[in-house]
Protein chains: 2
Amino acid sequence: MRKKSQNKACTIIDIAEALEVSAATVSRALNDHNDISLATKKRVRKMADQMGYQPNRIAAGLRQMKSNTIGIVVPMFTAIFHSSMITVIQNRLYEYGYHVLLCQSNDSYNLEKELVNTLYSFRVDAIVSAITLFTEDYSHFQPFVDRDIPVIFYDRVPTQDFPAHFVISDDFRGGYLAGQHLADVGVENPAFICGLMSSNLYQKRDAGFRKALNQSGITLKENQVYYQELTLENALETCRKLFDVPHPPDGIFTANDTTAIAVLKFAIERGINVPSDLKLIGYSNDPRSAIVEPAITTIDQNIPKMADKVVEKILTLLGVEDLIEIRPGLDQRELVDVSLVRRMST
Amino acid sequence: MRKKSQNKACTIIDIAEALEVSAATVSRALNDHNDISLATKKRVRKMADQMGYQPNRIAAGLRQMKSNTIGIVVPMFTAIFHSSMITVIQNRLYEYGYHVLLCQSNDSYNLEKELVNTLYSFRVDAIVSAITLFTEDYSHFQPFVDRDIPVIFYDRVPTQDFPAHFVISDDFRGGYLAGQHLADVGVENPAFICGLMSSNLYQKRDAGFRKALNQSGITLKENQVYYQELTLENALETCRKLFDVPHPPDGIFTANDTTAIAVLKFAIERGINVPSDLKLIGYSNDPRSAIVEPAITTIDQNIPKMADKVVEKILTLLGVEDLIEIRPGLDQRELVDVSLVRRMST
DNA sequence: TTGAAAGCGGTACCAA
DNA sequence: TTGGTACCGCTTTCAA
């Protein structure tokens with residue numbers, strides 16, 4: 001059981017001793033300070049390499065009161081929307097030397113609260129979050145606000161005022177485009193499976209959808225509108241209710257693609273032809289919506305752009321880059337445009 | 001521009017001063033040490049709440065030489081296999097007070113190296129990784145090994161000896177089951193689209209598949225075997241080669257589901273009926289394989305079990321729990337069983 | 001250009 | 001049961 005000998009990590013002090021200089025000099029050399037001679041820099045770096053030195057970021061972070069880490073809390077990694085967002089954000093931040101501490105709340109308000117507290121404990125330099133469907137109190141983000149640590153919400157954001165930054169998809173327009181499109185393809189008796197109205201997302205999609213139908217003179221029967229968690233199971237149950245009637249709908253807008261896929265499956269089983277008997281449009285442009293048969297028309301949320309906006313905000317707020325204008329007084333909203341992706345289901 | 005007054009976080013010293021006790025006492029009270037009176041504990045906790053105290057984990061971590069953080073490096077979050085693994089791992093570790101620092105390598109060896117170094121700099125208590133397809137040198141993990149910091153590889157693991165822990169899916173058996181199944185459903189002229197042989201995954205799936213065919217007396221023509229990165233584009237190109245011949249294959253095994261889905265799309269476009277003209281079997285039980293038409297037969301890798309094994313190893317190695325037996329001498333392999341999920345494509 | 005030393009916010013040892 | 005104090009590894013003034 002030997003090998004413990006070199007068990008401890010090498011520190012700048014070890015390097016300093018080996019080179020008979022001070023730790024301060026080593027630190028400065030390693031950080032490429034101007035006021036260190038090139039010669040010493042070279043000597044130090046060489047020795048550091050040789051001794052397998054790896055800086056201790058924890059210690060540096062403690063001293064500098066920053067961690068070079070950004071915290072992210074999202075409901076679900078497995079949702080392609082979030083994993084794509086995270087991917088872009090992580091990669092862009094990495095270019096600037098930032099790392100990402102990633103957490104998922106499982107759409108549980110309590111877990112989200114705990115995670116946000118923990119990220120605060122880790123003294124992240126900024127926090128990014130898509131909140132759960134059930135978060136209606138935002139006080140767990142208050143410590144960040146109090147200490148001027150940037151808080152950036154994206155996608156699912158507080159429905160009430162909160163002094164933070166927001167990157168939101170234009171959900172109203174998404175709903176509107178969906179309604180307009182259903183009207184364009186001749187739907188006369190639409191149904192709507194929407195998410196829970198506690199979320200800004202579904203409030204807006206709902207409003208946009210209704211406005212478009214209204215403008216086209218199409219009536220949306222309230223008994224053909226459902227507000228529910230957008231899971232597969234819920235979708236199938238709702239389908240039964242929608243189609244076990246004399247005059248079922250001839251078009252459906254679902255507020256996410258998981259639900260659209262479920263509806264499609266249901267239709268196929270029932271022998272309802274999509275698109276001739278039923279036009280179907282989903283939301284989010286989940287890759288799955290493209291591989292089913294027929295492929296489903298959907299609303300694309302421009303994830304790369306949303307992620308870019310998040311990163312821009314972070315970098316600007318941290319003073320790393322001056323990418324966008326940040327006005328004084330917070331609650332700053334960035335609206336990202338959406339687009340219709342037409343496929344075979346309509 | 002005021003409000004900076006309470007801009008600094010409250011520390012144990014602030015609490016200590018407010019209560020006129022020592023910082024040591026506060027620390028102990030907060031950590032529920034035995035040798036502190038209940039009365040003081042209560043006073044301290046109350047004051048901590050009142051002052052909105054949040055511990056600084058960075059500082060605690062520095063002193064204790066541990067971070068209560070586990071690093072994870074995977075090729076892609078967007079791959080459902082990895083996001084599912086991560087989800088389970090994160091949730092289970094969280095119950096034990098551990099947090100997860102998540103990074104993705106984008107399947108780039110250089111980025112992986114950097115990320116692993118960075119995680120080392122953050123002094124994670126353990127590191128978990130599914131390595132890139134191109135990682136053939138593992139020395140970036142050596143600092144962990146040298147300092148007895150647990151290294152756990154899963155899924156894509158080093159093909160050469162490395163003194164770490166391994167949680168691997170039984171890829172040989174997966175390939176074998178696929179071969180056996182194709183034989184069972186009467187395939188006589190199979191094709192095989194395999195991943196790059198630099199990875200343990202595909203070496204094993206290849207070997208298992210060949211063995212099964214062999215045992216069933218079926219010949220695998222080498223011009224119908226392709227080793228390639230398993231992307232959509234590559235799959236379509238290979239399909240063209242496979243089917244632009246007089247006697248195309250009547251069965252295909254693809255070493256992942258993305259490729260299987262691509263093959264299915266190709267077949268549909270070409271008017272090749274699956275399953276009657278072509279039996280198709282994929283790998284991984286990606287949820288997408290269940291929603292295409294016809295749904296694709298595939299091999300399930302039992303993700304929850306793999307994730308559990310990873311967590312068990314971490315907790316045991318960190319001395320938190322005694323969940324499994326860790327024998328002295330490393331390079332410990334845990335093999336997780338796979339199963340055939342039969343669907344309509346065969 | 002370099003060194004000495006203080007300090008970031010906790011924890012843990014030794015004494016009292 | 002508590003307090004005093006050294007220390008984790010690094011950064012950063014201030015002096016030399």
Side-chain angles (χ1 to χ4, degrees), chain A residues 7-45 47-48 51-69 97 118 120-125 143 147, chain B residues 7-45 47-48 51-69 97 118 120-125 143 147:
Chain A
N7 215 352
K8 257 186 103 269
C10 142
T11 73
I12 51 169
I13 297 188
D14 300 329
I15 300 177
E17 277 170 4
L19 253 36
E20 299 192 309
V21 295
S22 75
T25 302
V26 175
S27 170
R28 282 186 281 239
L30 256 19
N31 289 305
D32 208 15
H33 259 253
N34 309 329
D35 40 77
I36 287 281
S37 74
L38 207 77
T40 2
K41 275 188 193 170
K42 281 193 177 154
R43 281 175 61 219
V44 169
R45 291 203 190 121
M47 182 55 78
M51 300 177 71
Y53 171 75
Q54 291 283 359
N56 184 329
R57 292 244 208 167
I58 302 276
L62 179 60
R63 176 62 227 242
Q64 297 180 132
M65 305 284 273
K66 57 190 276 249
S67 56
N68 284 302
T69 303
T118 306
Y120 181 78
S121 290
F122 274 112
R123 296 297 185 271
V124 292
D125 296 341
R147 269 124 214 153
Chain B
N7 217 352
K8 256 183 104 270
C10 143
T11 73
I12 50 168
I13 297 186
D14 300 328
I15 300 177
E17 278 171 2
L19 254 33
E20 299 194 306
V21 295
S22 74
T25 302
V26 175
S27 170
R28 281 184 284 235
L30 257 17
N31 289 304
D32 208 14
H33 261 252
N34 308 328
D35 40 78
I36 288 281
S37 74
L38 207 76
T40 357
K41 276 188 192 170
K42 282 193 177 157
R43 281 175 62 219
V44 169
R45 288 199 192 129
M47 181 57 77
M51 300 177 70
Y53 172 75
Q54 292 280 0
N56 185 329
R57 293 243 207 169
I58 302 276
L62 177 60
R63 179 61 231 245
Q64 296 180 138
M65 306 284 272
K66 58 190 276 249
S67 57
N68 284 300
T69 303
T118 306
Y120 181 78
S121 289
F122 275 111
R123 297 297 186 268
V124 292
D125 297 340
R147 271 124 213 153

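To find a chain, count down the sequence lines: A is the first, B the second, and so on, and within it residues start at 1. None of the values given here were measured: they were computed from a predicted structure.
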| Which one, dT1(C), dG9(D), dG9(C), comes nearest to the side chain of Thr11(B)? | dG9(C)

| query | Rounded to whole angstroms, how far apart are CD on Gln54(B) and P on dC8(C)? | reply | 20 Å

| message | Could you measure the distance from the CD atom of Glu17(A) to the SG atom of Cys10(A)? Nearest 0.5 Å is fine. | response | 10.5 Å

| said: Looking at dT1(C), I'd like to know if its phosphate oxygens (OP1 or OP2) sit under 4.0 Å from a side-chain N or O belonging to Thr40(A). | reply: no

| request: Return the nearest nucleotide to the side chain of Leu62(A); candidates are dC8(C), dT11(C), dC8(D). | output: dC8(C)

| field | Shortest non-hydrogen contact between Ser121(B) and Pro55(A), atoms and distance | value | OG-O, 3.1 Å

| remark: Separation of dG9(D) atom P from Lys66(B) atom NZ, nearest Å, is 16 Å

| request: With DNA chain D as reference, determine whether Ser37(B) or Gln64(B) sits nearer its 5' end, using the nearest nucleotide of each. | output: Ser37(B)

| message | What is the separation between atom CE on Met65(A) and atom C1' on dG10(C), rounded to the nearest whole Å? | response | 13 Å

| Going by heavy atoms closer than 4.0 Å, what residues in residues 21-32 of chain B are next to DNA chain C? | Ala24(B), Ser27(B), Arg28(B), Asn31(B)

| task | Could you work out which one of dT11(C), dC10(D), dT1(D) sits closest to the side chain of Arg63(A)? | result | dC10(D)

| Nearest-angstrom distance from the residue atom CE of Met51(A) to P of dG9(D) | 13 Å

| task | Can you tell me the distance, in whole Å, between the CG atom of Asn56(B) and the P atom of dC8(C)? | result | 12 Å

| Can you list the residues that meet the side chain to side chain contact (heavy atoms under 4.5 Å, CB included) rule with Thr11(A), with sequence neighbours excluded? | Ile13(A), Asp14(A)

| message | Rounding to an integer number of Å, can you tell me how far Asn68(B) CG sits from dG10(C) P? | response | 15 Å

| task | Identify, with sequence neighbours excluded, every residue that meets side chain to side chain contact (heavy atoms under 4.5 Å, CB included) alongside Thr118(A). | result | Phe122(A), Arg57(B), Tyr94(B), His99(B)

| query | Any donor and acceptor pair, going by atom type alone, linking the side chain of Asn56(A) with main-chain N or O of Ile58(A) inside 3.5 Å? | reply | yes

| message | Tell me whether the side-chain N/O atoms of Tyr53(A) come closer than 4.0 Å to OP1 or OP2 in dG9(D). | response | no

| task | Rounded to the nearest 0.5 Å, what's the gap from CG on Leu30(A) to CD1 on Ile36(A)? Could you check? | result | 10.5 Å

| remark: Residue pairs passing the salt bridge (charged side-chain N to carboxylate O under 4.0 Å, His left out) test with at least one member in residues 20-38 of chain A, sequence neighbours excluded, are Asp32(A)-Lys41(A), Asp32(A)-Arg45(A)

| query | Which pair of non-hydrogen atoms, one from Ala23(B) and one from Ala16(B), has the smallest distance, and what is that distance? | reply | N-CB, 3.7 Å

| request: With axes from five pairs an end, tell me the bend angle of the helix from dT1(C)-dA16(D) to dA16(C)-dT1(D), nearest 10°. | output: 40°

| message | Rounded to whole Å, please give me the gap between CG in Asp14(B) and P in dG9(C). | response | 9 Å

| request: Provide, to the nearest angstrom, the distance between the CD1 atom belonging to Ile12(B) and the P atom belonging to dT2(D). | output: 15 Å

If you look only at distance, which donor and acceptor atoms sit under 3.5 Å apart when one is on a side chain in residues 61-69 of chain A and the other is two or more places apart or in another chain?
unit_1, atom_1, unit_2, atom_2, d
Lys66(A), NZ, Asn68(A), OD1, 3.4
Ser67(A), OG, Thr69(A), N, 3.3
Ser67(A), OG, Arg123(A), O, 2.8
Thr69(A), OG1, Ser67(A), O, 2.9

